[in-house]
Amino acid sequence: MKSASLWGRINCKGQHHFNSNLYLDYCGNVALSSRRLGKIPEVNLGVILYRNYSSKNKSLLKQKFPKMKKGSKVVAAAGGLHQTKIGNFFKRDANGSSEAGEMESSKKKLAVSSPKKEKATNSSEADEEMESPKEKLAVSSPKKEKTNGSSEAGVKESPKKKLAVSSPKKEKATSSSEAGEMESPKKKLAVSSPKKEKTNGSSEAREMESPKKKLTGSSAKKDKKEERELQSKQSDSKDKNGKAGSSKARSSTGKKRRSESTSSDDGDNQEKAASKKSSKSNGKPEAKRQRRRIVVEDSSSEEEVASEEDFKVKSEAEDEESEEDESGEELEEEEEEEEAEDEEAVEEEIKPKRKSKAIGKKVEVKSKNTKQATTKTIPEKTGNKAPAQGSKPAVPPPKGWKPDYNPAKNKYHPIDDASWEKDQRVPYLALAKTLEAIEATSSRLKNMEILANFFRSVLILSPDDLRLSVYLCLNKLAPAYEGVELGVAETNVMKAIAQATGRSLDKIKSDAAAAGDLGIVAESSRSTQKTLFQPQPLTVQAVFNKLKEVAGMTGSASHAKKISMITSLLVACKYSEARYLARSLLGKLRIGLAEQSLLQAIAQACFLTPPEQDRSEWPPKKLDCGKKCSAETLKAKFEEEAYKVKSAFCECPNYDILVKALLEVGTDGLREKCKLTPGIPPRPMLAQPTKGVADVLERFDGIKFTCEYKYDGERAQIHLLEDGSINIYSRNQENNTSKYPDIISRFSKCIKGDVKSCILDTEAVAWDIEKEQILPFQVLSTRKRKDADEAEIKVQVCIFAFDLIYLNGESLIKKPLIERRELLREHFQAVTGEFVFATSVDTDSMEEVQEFLEESVKGNCEGLMVKTLDAKASYELAKRSQKWLKLKKDYLDSGGDSLDLVVIGGFNGRGKRTGTYGGFLLACYDPDEEVYQTICKLGTGFSDEQLLKHTESLKPHIIPNPKSYYRFNTQLTPDHWFDAVEVWEVKCADLSLSPVHTAAEGMADPQRGISLRFPRFMRLRDDKKIEDATTASQVADMYKSQEVVKNSTNNKKGIDDDDDFY
DNA sequence: ACTTTTTGCTCC
DNA sequence: GTTCCGT
DNA sequence: ACGGAACGAGCAAAAAGT
Ligand SMILES: Nc1ncnc2c1ncn2[C@@H]1O[C@H](COP(=O)(O)O)[C@@H](O)[C@H]1O
């Protein structure tokens, strides 16, 4: 626990105010960390202007730490910072969070309209024409009509009415845009006659609305301030970072945490952390702060002593240390920058060499590593070697470190072909080379072989690094339920790259857009950097630890710290290391291999080179157990081993445990060591989409199955442990325990007496207690996510249980659903509105299924889930992870909502979409206002070929600035604007009220527009003109005709629109 | 203080 | 979440 | 059929911006 969760704004004498973490020193004064102090001369320190107790009890803290308040003087730390004291305070009081944040997010900042709700209708004239460059404060007031109980599905109304006079920030761009703006849309559109039957909308109804419209039209003029976001506009907004693991971890009680992190013994760990910390906080010897050139080297050696050894999970409480690191790093950065300048020219020359792997541009490349490798649309690969060669390390690499490593080699020898030696730390470069080889190969089998080879070397030479290597290959740092989050994404990584290379942020951005991959940018920018002092080669361990450290950092200015740590890592990268490091930070390795293949690779590696064998005898006997197998038996063996590994992992998705077990007992011991255990969330069974009832019957032909409602909520895996504690996990194994105190407190009445432990598979759904009905997902999602206080819960939840996979110490995974369901109903007690069993029907009649589907929709559900009861009805994910079928209206060719929308913008594609658009901005048409209002972005449903075509056909219609009659929010400004020409048919699952889209604004909701849930491209409507696109009022009608909305507005008598609430 | 931006192995 | 693609 | 990688909306939280 760190005091980092406490931050505030300091009034700094003579300087700008700044935010910082707040600490207490041993004299009880509010102090700043040494690093912060390093930047701000002590003499400038001022007082606290504002402080934030992120989500913890305010009054208690106020009382316990009176000095931590507004107006307190901030001093330099005297005698060290008193971090643990505050930390403990937070830890103890898990509840009573009085949370300051009621603030409604009216984050809407429309580029054009400023919805203001006062009745002040007058002021606006025909702003349209005026369009003077900018602003026009226009106080438009789209007044909301209360037509129907507009308080939609119970979605909270944002109270804040913000006068909407958002001052347009004009940018230079405006001038140019003016031209476009001026053309009055009226003329152009005047003739349009929206008719064209929309598939579902009532076409003509629109006309009738004239009165209403009129009202809107005249009184609700939207002022158009073309406050356009210039790209240039501070794209460099300051860095930020989301917090990280520590806070999530904090949210669970110590007890729970312990039970979760099985593999690491916390006790030991904490001791270490504690002792380390104390030694630090006391003195923090100046000597230790000597500036360091080779940051990474230092830190890795440090970690070596204290952290990631032996599966100890690194403690997060390392603030002091990281601060020290930074002082060193900063110095280093400066040096780098200087050098970087004259380097720039060179960079530019080199860059173009890269070719991007993009649709339609296949580049035949023979992987230099894989002999006879499959060719694959390859990313590129600049001559990593050339430039790098020139800057040969000044510091000699450690023995055994070799720049080339080829895990794709045939007849790979785990010892001889490795680039490092026994008991050495695995070089990060070896991992990078492995990833590189995999990325260059498209064959999954070959990929797994490559990865397996790498793992064979790791597990025999450096077994301690196996777990870390696995994590890095998957872009993870810990099991999901431990909540370790990096808190860094694109924006911040770009900043770090800019810092590391000395190039401008804008350049990085434009490069990234062109390359479609920040990793490539990081690598190519890097490769020309020459450093005077060559950092030591990175090791897997050092990188992992650094990332974990980044994740553990929270609090004010943490993100600046994170960036600088990342910068130091990037600076130390050679060859392709930077590419993968950057991608790791972005959370996407995109090498064409992920978890499933990795598990198989582990299995192969363990078969060929058993990890559990005696390593004291060197070389070990079994290095290639596949040598004498025929290809067939080998394949069968792989399959068999993979099943063991995969099933173990599905039951116990924790690499700490899995790898440890493998190293100790090999694949055969997994069954015992990695099995289903309450407290560790197993992977959930997923479902496959089906095209219709007929499709379902066909797939389950002759097999007994059941149909259940598919509830629209979120999956909740409820664990009851032997010790009586209850944990709740999400579909992705995130720990949601603190999100559902209400479920937990009432759970006891839902179980029958003999239940001592269990794991339930359920859906948590928002529930309207009064009307006793299901509320839409959008309502559910407004619940607090962590540390929810039961007394303050506004959105109630009903649990719909549909499966039971563990009961009283016994795993039910192998039992068929019919038995599991029986046990579920037998041992649990339904409580209306709180905990019920999923509605189901066991039938094989087409008609009944069809009817049940209709019913489910009427009951505010998404459709049906169809599951086999007897045959192939176990919960064994390793056999097939998607055994269930899902049937939704929108999967049917005939069903679902579909709209004809106008394409008005395009977004550059990334990754495999580099060079084409990756997505588009779509709008519906409002004939009354004669404007196009955005309704959604669209990025799926088209084939690569269609995408290419669209990119081409829209190219001629690119315009420099949006038309004045485009209503959009600056947040979704596309890379290219288009003249409205094409109409596309788009299908969706639902329509929702949007915080950013403007479609039908004011018609279904006073301020929010409408957007589409799960939009996908269906086809080009070249038979339609843009004026024939779906109209705003049709959109509004579609929204209103949804069951969920109808059901909520219907019998809702009281509640009255909160419209004239103001 | 209040508002905006950024993030999330997102919850869907 | 949906969809498409290569194996 | 599988695994992977493109892409969607939208929320709360965290941290930065003003
Ligand atoms: N009766 C049900 N059985 C299984 N899953 C359900 C059921 N009702 C709702 N669901 C949810 O539907 C999800 C699967 O649908 P999808 O994510 O669209 O593939 C699961 O993760 C559950 O959260």
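What you see is a predicted model; the values in this text were computed from it and never measured. Below, chains carry the letters A, B, ... as their sequence lines are ordered, and counting in each starts from 1.
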Requested in this report: Let me know, please, whether A/Lys646 or A/Lys588 comes out on the 5' side of the other along DNA chain D by nearest nucleotide.
Outcome: A/Lys646
Report summary line: When pairs are called at under 3.5 Å and a stem needs at least three consecutive Watson-Crick or G-U pairs, the stems of DNA chain B are B:1-8 with D:11-18
Query - Between C1' of C/dG1 and NZ of A/Lys937, the distance in whole Å - result: 15 Å
**Report entry** Under-4.0 Å side-chain N/O to phosphate OP1/OP2 contact, A/Arg880 with D/dA1
**Finding:** no
Query - Proximal nucleotide (of D/dC11, C/dT2, D/dG3) relative to the A/Arg1008 side chain - result: D/dC11
Report summary line: Of all heavy-atom pairs linking A/Leu780 and A/Glu714, the shortest is CD2-N, 3.6 Å
Query - Integer-rounded Å distance: B/dT7 C1' and A/Met494 CE - result: 13 Å
Query raised in the report: Where the side chain of A/Pro1015 is concerned, which of D/dC11, D/dC7, D/dG8 is the nearest nucleotide?
Result: D/dG8
**Report entry** Whole-Å gap separating P (D/dA5) and CG (A/Leu947)
**Finding:** 18 Å
Query raised in the report: Partners of A/Lys888 by salt bridge (charged side-chain N to carboxylate O under 4.0 Å, His left out), sequence neighbours excluded?
Result: A/Glu862
Query raised in the report: Side chains of A/Asp656 and A/Tyr471: is there a donor and an acceptor less than 3.5 Å apart?
Result: yes
Query raised in the report: In whole Å, what is the span from the CZ atom of A/Arg913 to the P atom of C/dC5?
Result: 9 Å
Requested in this report: Ignoring hydrogens and angles, answer whether the base of B/dC12 and the side-chain atoms of A/Arg731 contain a donor-acceptor pair closer than 3.5 Å.
Outcome: no
Report task. Describe the nucleic acid contact of A/Leu593 in one word from base, sugar-phosphate, nothing, applying a heavy-atom distance below 4.0 Å. Result -> sugar-phosphate
Report task. Compare the minimum distances between each of B/dT7, D/dG4, D/dC11 and the side chain of A/Ser781, then state the nucleotide with the smallest one. Result -> D/dC11
Report task. For A/Glu876 and A/Lys646, run salt bridge (charged side-chain N to carboxylate O under 4.0 Å, His left out): C-alpha distance rounded to whole Å, both residues' side-chain angles, the deciding distance at 0.1 Å, then the answer. Result -> CA-CA 10 Å; A/Glu876 295 167 292; A/Lys646 285 185 182 181; over 6 Å; no
**Report entry** Check: A/Thr934 main-chain N/O paired with A/Thr998 side-chain donor or acceptor under 3.5 Å
**Finding:** yes
Query raised in the report: Any side-chain N or O of A/Lys562 less than 4.0 Å from the OP1 or OP2 oxygen of D/dA15?
Result: no
Query raised in the report: Between A/Arg1013 and A/Gln596, which has a closest nucleotide on DNA chain D that is more 5'?
Result: A/Gln596
Query raised in the report: What is the distance from CE of A/Met553 to C1' of D/dA14, rounded to the nearest Å?
Result: 14 Å
Query raised in the report: Hey, is the side chain of A/Lys886 poking within less than 4.0 Å of OP1 or OP2 on C/dT2, counting only N and O atoms?
Result: yes
**Report entry** Whole-Å gap separating C1' (C/dC5) and CG (A/Asn447)
**Finding:** 15 Å
Query raised in the report: For atom P, what is the distance between C/dC4 and B/dT5, given to the nearest Å?
Result: 34 Å
Query raised in the report: Which listed nucleotide (B/dT6, D/dA15, D/dG8) is nearest to the side chain of A/Thr491?
Result: B/dT6
Report task. Consider only side-chain N and O atoms of A/Glu439 and A/Tyr580, and report whether a donor and an acceptor are under 3.5 Å apart. Result -> yes
Query raised in the report: So what does A/Gly941 hit on the nucleic acid, given a heavy-atom distance under 4.0 Å: a base, only sugar-phosphate, or nothing?
Result: sugar-phosphate
Report summary line: Here the distance between atom C1' of D/dA5 and atom CD of A/Glu595, to the nearest Å, is 15 Å
Query raised in the report: Would you call A/Asp787 and A/Lys739 a salt bridge, using N to O less than 4.0 angstrom?
Result: no
Query raised in the report: B/dT10 and C/dT2: how far apart are their P atoms, nearest whole angstrom?
Result: 16 Å
Report task. Quick one: label A/Asn732 by what it contacts on the DNA or RNA (base, sugar-phosphate, nothing), any heavy atom closer than 4.0 Å. Result -> sugar-phosphate
Query - side-chain N/O A/Arg1016 vs C/dT3 OP1/OP2, d < 4.0 Å - result: yes
Query raised in the report: OP1, OP2 of C/dG6 versus side-chain N and O of A/Ser443: anything below 4.0 Å?
Result: no
Report task. Indicate, with a heavy-atom threshold strictly under 4.0 Å, whether A/Tyr891 touches base, sugar-phosphate, or nothing. Result -> sugar-phosphate
**Report entry** First encountered from the 5' end of DNA chain C, between A/Lys710 and A/Phe942
**Finding:** A/Lys710
Report task. Ignoring backbone atoms, establish whether A/Ser881 has a side-chain N or O less than 4.0 Å from OP1 or OP2 of D/dC2. Result -> no
Query raised in the report: Under 4.0 Å between a Lys/Arg side-chain N and an Asp/Glu carboxylate O for A/Asp517 and A/Arg583?
Result: yes
Query raised in the report: Within the structure shown, what part of the strands sits under 4.0 Å from A/Leu474 by heavy-atom distance: base, sugar-phosphate, or nothing?
Result: nothing
Query - Spacing of A/Ile591 atom CD1 relative to D/dG4 atom P, expressed in whole Å - result: 9 Å
Query raised in the report: So, is the end of the A/Lys937 side chain (NZ or CZ) under 6.0 Å from the ring centre of A/Phe907 and within 45° of the ring's axis?
Result: yes
